[in-house]
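The block underneath contains the structure these notes are about, expressed in structure tokens.
Below, chain A is the first sequence line, B the second, and so on; all start at residue 1.
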There are 2 protein chains.
Amino acid sequence: MANHGKRFDDSTASQCLSCYLKALCLPRDLTPEQFGTLGRIVDAPVRLDKRESLVQQGATFSHLYAVRTGSLKQVTDGANSETLLTALYLPGDIIGFDSIGSGHYSGTIVALESSSVCRLPFECLDELSSRMPILRRHLQRNISRTMQEERLRLHQLLSRTAEARLAYFLLGISNRFRQRGYSPHHFRLAMSRGDIGSYLGLTHETVGRTLAAYQAQRLLYVSGRDYHLLDVTRLERLASSTGRRQKRA
Amino acid sequence: MANHGKRFDDSTASQCLSCYLKALCLPRDLTPEQFGTLGRIVDAPVRLDKRESLVQQGATFSHLYAVRTGSLKQVTDGANSETLLTALYLPGDIIGFDSIGSGHYSGTIVALESSSVCRLPFECLDELSSRMPILRRHLQRNISRTMQEERLRLHQLLSRTAEARLAYFLLGISNRFRQRGYSPHHFRLAMSRGDIGSYLGLTHETVGRTLAAYQAQRLLYVSGRDYHLLDVTRLERLASSTGRRQKRA
DNA sequence: CGTTAGGTTGAATCCTCTCAACAGCCGTGG
DNA sequence: CCACGGCTGTTGAGAGGATTCAACCTAACG
């Protein structure tokens, strides 16, 4: 690093210090000094316009990215020329964990709206983590947790109906907003119906129809990409039921 | 560790040295000394009978396990008293990556047949990895790769028919056997139809019917839990198509 | 102001689930 | 040794849900 000698409260470091998301992307209980060391390797934030892409699928992996504002999607195209939405990133999320293993970004990252992200050079981070067990743990935890959550989530979705899948999805989003300090009942989701469908394995028509059905039952109110969850309890019941006819005991 | 002074070719170390799976669970290009250090922290292998469980869901996380022989499944029960088969482990696989984050095992691990596994104390492994970058990288890669593979796989499955899901699944198994040096065309899968269904989000009837349909088309031959893949090319076509009617361009 | 992408709605088709009945295999226990 | 129940796997019939295809509507944007 060129700025090796800088004090921990220099401009880049304070970027992290002042960031209200630090509880999400950084370990807690860092000493000010550790904080400084870490902040020093963070590059200046990158600004992205809507639809602009951060990295291309297949490009060689070099940085992790922490979402500061806005939201981004990961689209991956498989062998058979189908492209799937494989991840949604909200402020505080770290992008790129899934690309460490192969050395190439596993999908194209596209901004769903104007967004800004922090660049984290992985080499530096890795080198640092060998000397800072607390950081190593934090990274491990973060990877491991997202892996286990996603595994369970996707397996649960596999056997569910569109009704349950959507409820499950919306409640997940709601929780993520809650963790970030936003309202869990009212939020804007910058994804199209098609995006949601791609993520959940449904067609855009089905997504729309299901949302309409929810509205008819007063479970939520949707206007465009604005969502108001009205009856979370009932949505939870829906999400955790298979949505199918009861198998008789 | 009590056995800190042991030479690298002592009994536990040689266990790994002589293990034909070391290419899978250990980094390649280790010096004999590093090899010894690593081998020293590996506990004696654990033997499991069919149906015996290795760890219970929710137990506090302490060890990773490397599968030596046999096969195991991870079953996770969600909130709503449904239990899902969330992972299948074959020789050379590492069990437990998904449990580092939460500190608790994320599912019960059950042997599908008589199996043996190596215990890897995570604390030691982690401590070691701070001094051995090559090991740290290997662990990171392993976690990251399984995470990304699984994410893509499950998202692809979400929008596919039973026909495509099963083909996809069987080809995945086939590849894993190939990597391990077994025949990719003929193998025994110790899972029941119900297990497969749970993993893929299908009912056991559908699994059976689909296998029967494959046999009628001479794509494969199944007898009980013995599988012979006859026409891999055609299976691959099936697996990578959605299985649905072609959407017209 | 026209074009395009996103969204809604309807009708028909197809796939998978549910339910039910039955065959085979295995271990237990009489 | 055989009977028994339990577990696993197979097959069939009917119902329900998601998809495909088509038409139409809206909002955004050059």
Distance below 4.0 Å between B:Arg209 side-chain N/O and C:dT16 OP1 or OP2: no
Side-chain N,O (A:Arg193) to OP1/OP2 (C:dA5) below 4.0 Å: no
B:Arg188, B:Met191, B:Glu113 screened by side chain to side chain contact (heavy atoms under 4.5 Å, CB included) with B:Arg225, the one that passes: B:Arg188
Presence of salt bridge, A:Asp93 and A:Arg180, under 4.0 angstrom: yes
Between D:dT20 (P) and A:His204 (NE2): distance, integer Å: 9 Å
Length of the line joining A:Ile196:CD1 and C:dA5:P, which is rounded to integer Å: 19 Å
Main-chain N/O of B:Asp43 paired with B:Arg119 side-chain donor or acceptor, under 3.5 Å: no
B:Leu211 vs B:Thr242, nearer the 5' end of DNA chain D by closest nucleotide: B:Leu211
A:Arg160 CZ - D:dG17 P separation (whole Å): 16 Å
Per B:Ala162 side chain, nearest of listed nucleotides C:dT8, C:dT9, C:dT16: C:dT16
Atom pair distance, as rounded to whole Å: CZ in B:Arg165 and P in D:dA18: 12 Å
Separation of D:dA18 P from B:Glu163 CD (nearest whole Å): 20 Å
Touch class at under 4.0 angstrom, heavy-atom based, for A:Gly201 against every strand present: sugar-phosphate
Sugar-phosphate, base or nothing in reach of B:Arg225, heavy atoms under 4.0 Å: sugar-phosphate
B:Glu113 CD - D:dT8 P separation (whole Å): 15 Å
Integer-rounded Å distance: C:dC19 C1' and B:Glu205 CD: 9 Å
Aromatic ring proximity B:His186/B:Tyr227, centre distance under 6.0 Å: no
Below 4.0 Å: OP1/OP2 of C:dC17 and any side-chain N or O of B:Thr206: yes
Residue A:Ser192, side-chain heavy atoms: nucleotide from C:dC17, D:dA22, C:dG6 that is nearest: C:dG6
Pair B:Gln74, B:Thr86: side-chain N/O donor-acceptor within cut-off below 3.5 Å: yes
Options C:dT8, C:dC17, C:dA11, nucleotide nearest the side-chain atoms of B:Leu202: C:dC17
Under 4.0 angstrom between A:Thr161 side-chain N/O and D:dG17 OP1 or OP2: no
Interatomic distance, A:Gln215 CD vs C:dT9 P [rounded to whole Å]: 9 Å
